[in-house]
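Here is the structure we will look at, set down as structure tokens.
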Amino acid sequence: MIDLIPKGRYTMPIPDHTHSPDSGLVRSFHRALIHLCERAQRDYGHRPTRLLQMIDRHGAVKAAERLVADARSSDYLTRMWEHRALENTVEALILNPDWGQLFSPETRASALRKLEQLGWSPDGVDRMEAV
């Protein structure tokens, strides 16, 4: 089996279609999303294969949009919920004010709705009761 995230830094190339006026912001988001993937594997033992494939095919912003637009919860979101780490999700990253201009209000609302359904609040306080 091929290790999707080799030991050390994962450096998936940033797709060429990011040459827009906001390409610096897009590249920064790309790095943040790859960092989430690295952290998921390192800290939680979850290799986010589908997310990495989507980033490779569509770029980080489009991958995030597609993931949030899907009515089903991703394996990544479910795994982070199981570990009580919703702050380490694609949805939470989309809601970060640093990336606000990359996403439509609809995408941000979908991200918030998914997180709220799992007990997360916008102020970062986990509403889930301790198990």
Side-chain angles (χ1 to χ4, degrees):
M1 184 158 123
I2 298 172
D3 200 18
L4 285 178
I5 304 177
K7 291 182 177 152
R9 288 290 296 166
Y10 183 72
T11 55
M12 178 181 289
I14 299 172
D16 287 339
H17 55 71
T18 60
H19 298 299
S20 69
D22 296 324
S23 65
L25 189 59
V26 170
R27 289 174 190 276
S28 182
F29 180 78
H30 176 95
R31 284 189 297 275
L33 192 52
I34 293 299
H35 177 73
L36 276 183
C37 293
E38 291 172 338
R39 187 170 186 186
Q41 183 169 342
R42 181 186 67 238
D43 296 350
Y44 305 106
H46 176 66
R47 186 174 297 139
T49 306
R50 179 172 172 242
L51 177 55
L52 288 166
Q53 290 169 342
M54 290 173 69
I55 294 168
D56 188 42
R57 283 190 200 118
H58 308 291
V61 173
K62 290 292 181 195
E65 289 171 341
R66 286 172 176 248
L67 202 65
V68 169
D70 191 336
R72 299 166 296 169
S73 290
S74 68
D75 290 341
Y76 184 86
L77 180 61
T78 301
R79 200 53 136 3
M80 293 301 101
W81 175 77
E82 289 169 352
H83 287 282
R84 306 177 78 66
L86 291 174
E87 69 279 2
N88 294 314
T89 62
V90 175
E91 291 77 4
L93 198 60
I94 287 171
L95 294 174
N96 183 314
D98 292 345
W99 321 116
Q101 62 186 325
L102 292 177
F103 299 100
S104 70
E106 294 80 14
T107 297
R108 293 174 58 79
S110 293
L112 179 59
R113 191 170 32 258
K114 281 187 168 190
L115 289 171
E116 286 180 333
Q117 288 172 346
L118 295 173
W120 184 84
S121 65
D123 58 8
V125 175
D126 191 345
R127 292 183 190 151
M128 294 172 47
E129 293 182 7
V131 177

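On a predicted model such as this, the values are computed, not experimentally measured, just so you know.
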Next on the checklist: The test is side chain to side chain contact (heavy atoms under 4.5 Å, CB included); show your working for Leu118 and Lys114 and say whether it passes.
Outcome noted: CA-CA 7 Å; Leu118 295 173; Lys114 281 187 168 190; 5.9 Å; no
Checklist entry - Where does the angle between the aromatic ring planes of Phe29 and Trp99 fall among parallel (under 30°), tilted (30 to 60°) and perpendicular (over 60°)? => result perpendicular
Checklist outcome for this item: The reported gap from CG in Leu36 to CD in Gln41 (rounded to nearest 0.5 angstrom) is 13.5 Å
Next on the checklist: Could you work out, with salt bridge (Lys or Arg N to Asp or Glu O under 4.0 Å) as the rule, every residue matching Arg79, not counting sequence neighbours?
Outcome noted: Glu82
Checklist outcome for this item: Closest heavy-atom pair, Tyr44 versus Asn88, reported as atoms and distance to 0.1 Å, is OH-ND2, 3.2 Å
Item to check | Residue list, salt bridge (Lys or Arg N to Asp or Glu O under 4.0 Å) with Asp70, at least two apart or on another chain | outcome: Arg50, Arg72
Checklist entry - To the nearest 0.5 Å, how far apart are CG in Leu33 and CD in Glu38? => result 10.5 Å
Checklist entry - Can you check salt bridge (charged side-chain N to carboxylate O under 4.0 Å, His left out) on Arg113 and Glu116, steps first, answer last? => result CA-CA 5 Å; Arg113 191 170 32 258; Glu116 286 180 333; over 6 Å; no
Item to check | Heavy-atom closest contact (Ala92 atom, Glu87 atom, distance) | outcome: CB-O, 3.7 Å
Checklist entry - Rounded to the nearest 0.5 Å, how far does CG of Leu67 lie from CG of Leu77? => result 8.0 Å
Item to check | Euclidean distance, His46 NE2 relative to Met80 CE, rounded to 0.5 Å | outcome: 6.0 Å
Checklist entry - Do the non-hydrogen side-chain atoms of Leu95 and Leu115 ever get within less than 4.5 Å of each other? => result yes
Checklist entry - Any side-chain heavy atom of Leu93 sitting closer than 4.5 Å to one from Asp98? => result no
Next on the checklist: What's the separation between atom CZ in Arg66 and atom CE in Met54, rounded to the nearest 0.5 Å?
Outcome noted: 6.5 Å
Next on the checklist: For Thr89 versus Tyr76, what's the shortest heavy-atom pair and its separation?
Outcome noted: CA-CE2, 3.6 Å
Item to check | Other residues, nucleotides, ligands: >12 heavy atoms within 6.0 Å of Arg108 CZ | outcome: yes
Checklist entry - What heavy-atom pair brings Ile55 and His30 nearest, and what distance separates the two atoms? => result CG2-CE1, 3.7 Å
Checklist entry - Just by modelled atom types, is the Gly24 backbone N or O under 3.5 Å from a matching donor or acceptor in the Ser28 side chain? => result no
Next on the checklist: Quick check: do Leu102 and Val26 have side-chain heavy atoms less than 4.5 Å from each other?
Outcome noted: yes
Next on the checklist: Measuring only between side-chain heavy atoms, which start at C-beta, is Leu51 closer than 4.5 Å to Cys37?
Outcome noted: yes
Next on the checklist: Suppose we screen for side chain to side chain contact (heavy atoms under 4.5 Å, CB included). Which residues come up paired with Arg42, at least two apart in sequence or across chains?
Outcome noted: Arg39
Checklist outcome for this item: In short, Glu91 meets Val68 closest at the heavy-atom pair CG-CG2, 4.0 Å
